[in-house]
Each structure stands twice: as structure tokens, then as C-alpha cells.
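Here is the structure we will look at.
Chain naming here is simple, since letters A, B, ... match the order of the sequence lines and numbering starts at 1 in each.
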Amino acid sequence: MDNNDSFPQRVYHILAAIPEGCVTTYGDIAALAGSPRAARQVGGVLKRLPEGSRLPWHRVVNRLGLLSLTGPDFLRQREALVAEGIQVSSNGQIDMARYRWRI
DNA sequence: CACGTGACCGATT
DNA sequence: AAATCGGCCACGT
């Protein structure tokens with residue numbers, strides 16, 4: 001990953017590296033992107049992901065393992081996670097000790 | 001340049 | 001255990 005990439009570009013690269021069946025957190029992505037305190041911006045980037053990108057946006061949850069999305073988006077994320085074998089409770093929480101990805 | 005806004009986080013009630 | 005509070009910082013206006 002190139003240091004003069006923009007913040008969104010860095011986020012894209014990191015996202016692409018998350019293996020199927022694993023998740024990571026907004027804060028971790030921010031740290032990997034070189035801005036440890038920019039977790040909220042990671043959320044902002046994901047929200048504005050280019051139309052039709054194949055990036056696994058659904059593999060990002062908050063530090064507690066909770067899906068930070070609401071409404072129909074929440075349902076889509078849960079569906080996508082379950083589809084790759086990740087167990088998600090009905091309230092939208094996953095077991096971080098089991099699924100969290102670190103390099 | 002100066003705000004206001006968050007798909008957040010950690011510490012503190 | 002749950003709610004609240006500040007801080008955070010990229011981005012848009």
C-alpha cells in the first residue's frame with residue numbers, strides 16, 4: 001500500500017485484505033490506514049463506497065462485534081456475514097474472539 | 001478559513 | 001451493565 005494514497009484508497013486496500021469468514025473493526029482499519037483515531041471516517045468511507053464495488057464492506061463491525069448499521073442495511077450485512085459462515089445473533093452481534101482478523 | 005457531521009472509541013459515571 | 005461524555009479527524013458546505 002502506498003503512503004501517498006488518500007485515506008479512502010487506504011481503506012479500500014485494507015478492506016480487500018480481510019479474508020472471507022473474518023471481520024475487523026472500524027478502529028483497526030483506521031489504525032492500519034495510519035490514523036488510529038479516525039474510526040468514524042472509516043464508517044464514512046464505507047457509506048460512500050463506489051457503486052458496484054466488490055469490496056467486503058460487510059466484514060466491518062464495531063469494537064464490540066456489533067453491526068453498526070440500521071434498517072435494511074443491517075439486514076443485508078447480517079445476511080452477507082451468515083453467507084460466509086459467520087454466526088450473527090438476532091441482535092446483530094458476533095463473537096469477536098472467534099472471527100476477528102489481525103495481520 | 002470555520003463550522004457541522006458522523007456505519008467510532010475509551011474512559012467515566 | 002448500561003448510559004453518557006469528550007475526543008477524534010476526514011469531508012462537505
Do A/H58 and A/E84 pair up side chain to side chain, a donor and an acceptor below 3.5 Å, judged on atom types alone?
yes
With a 4.0 Å cut-off on heavy atoms, is A/P8 in touch with a base, just the backbone sugar-phosphate, or nothing at all?
sugar-phosphate
Measure CD1/A/I18 against P/B/dA7 and give the value in whole Å, please.
18 Å
Given B/dC9, C/dA10, B/dA7, identify the nucleotide with an atom nearest to the side chain of A/S68.
B/dA7
To the nearest Å, give me how far apart CZ (A/R40) and C1' (C/dC5) are.
12 Å
A/L64 CG to B/dC9 C1', straight-line distance once rounded to whole Å
9 Å
For atom CE of A/M96 and atom P of B/dC8, their distance in whole Å:
13 Å
Candidates C/dG12, C/dC9, B/dA7 - which lies nearest the side chain of A/L46
B/dA7
Count the heavy atoms belonging to other residues, nucleotides or ligands that lie under 6.0 Å from CD of A/Q9, then report whether that count exceeds 12.
yes
Result for side-chain contact (heavy atoms from CB on, under 4.5 Å) between A/T24 and one of A/I14, A/I18, A/L15 points to A/I18
Nearest whole Å is fine: how far is B/dA7 P from A/R76 CZ?
15 Å
Should A/D28 and A/R100 count as an ion pair when the cut-off is N to O under 4.0 Å?
yes
For the side chain of A/A38, starting at C-beta, report the closest nucleotide among B/dA7, C/dC9, B/dC8.
C/dC9
Closest nucleotide among B/dG6, B/dA7, B/dC9 to the A/K47 side chain
B/dA7
Rounded to whole Å, please give me the gap between CD1 in A/I29 and P in C/dA10.
15 Å
Check this one for me: any side-chain N or O of A/S35 less than 4.0 Å away from OP1 or OP2 of C/dA10?
yes
For A/G44, which contact category applies under a 4.0 Å heavy-atom criterion: base, sugar-phosphate, or nothing?
nothing
Gap between atoms CG and C1', on A/L66 and B/dC9 respectively (whole Å)
14 Å
Within this structure, what is the CZ-to-C1' distance between A/R48 and C/dG12, rounded to whole angstrom?
8 Å
Consider the side chain of A/R63, meaning its heavy atoms from C-beta on, and name the nucleotide among C/dG7, B/dC9, C/dG12 that approaches it most closely.
B/dC9
As an exercise, state the distance from CH2 of A/W57 to CD of A/Q77, rounded to the nearest 0.5 Å.
5.5 Å
Does A/R37 reach a base, just sugar-phosphate, or nothing at all? Heavy atoms under 4.0 Å.
sugar-phosphate
What's the closest nucleotide to the A/F7 side chain, out of C/dC11, B/dA7, C/dC9?
C/dC11
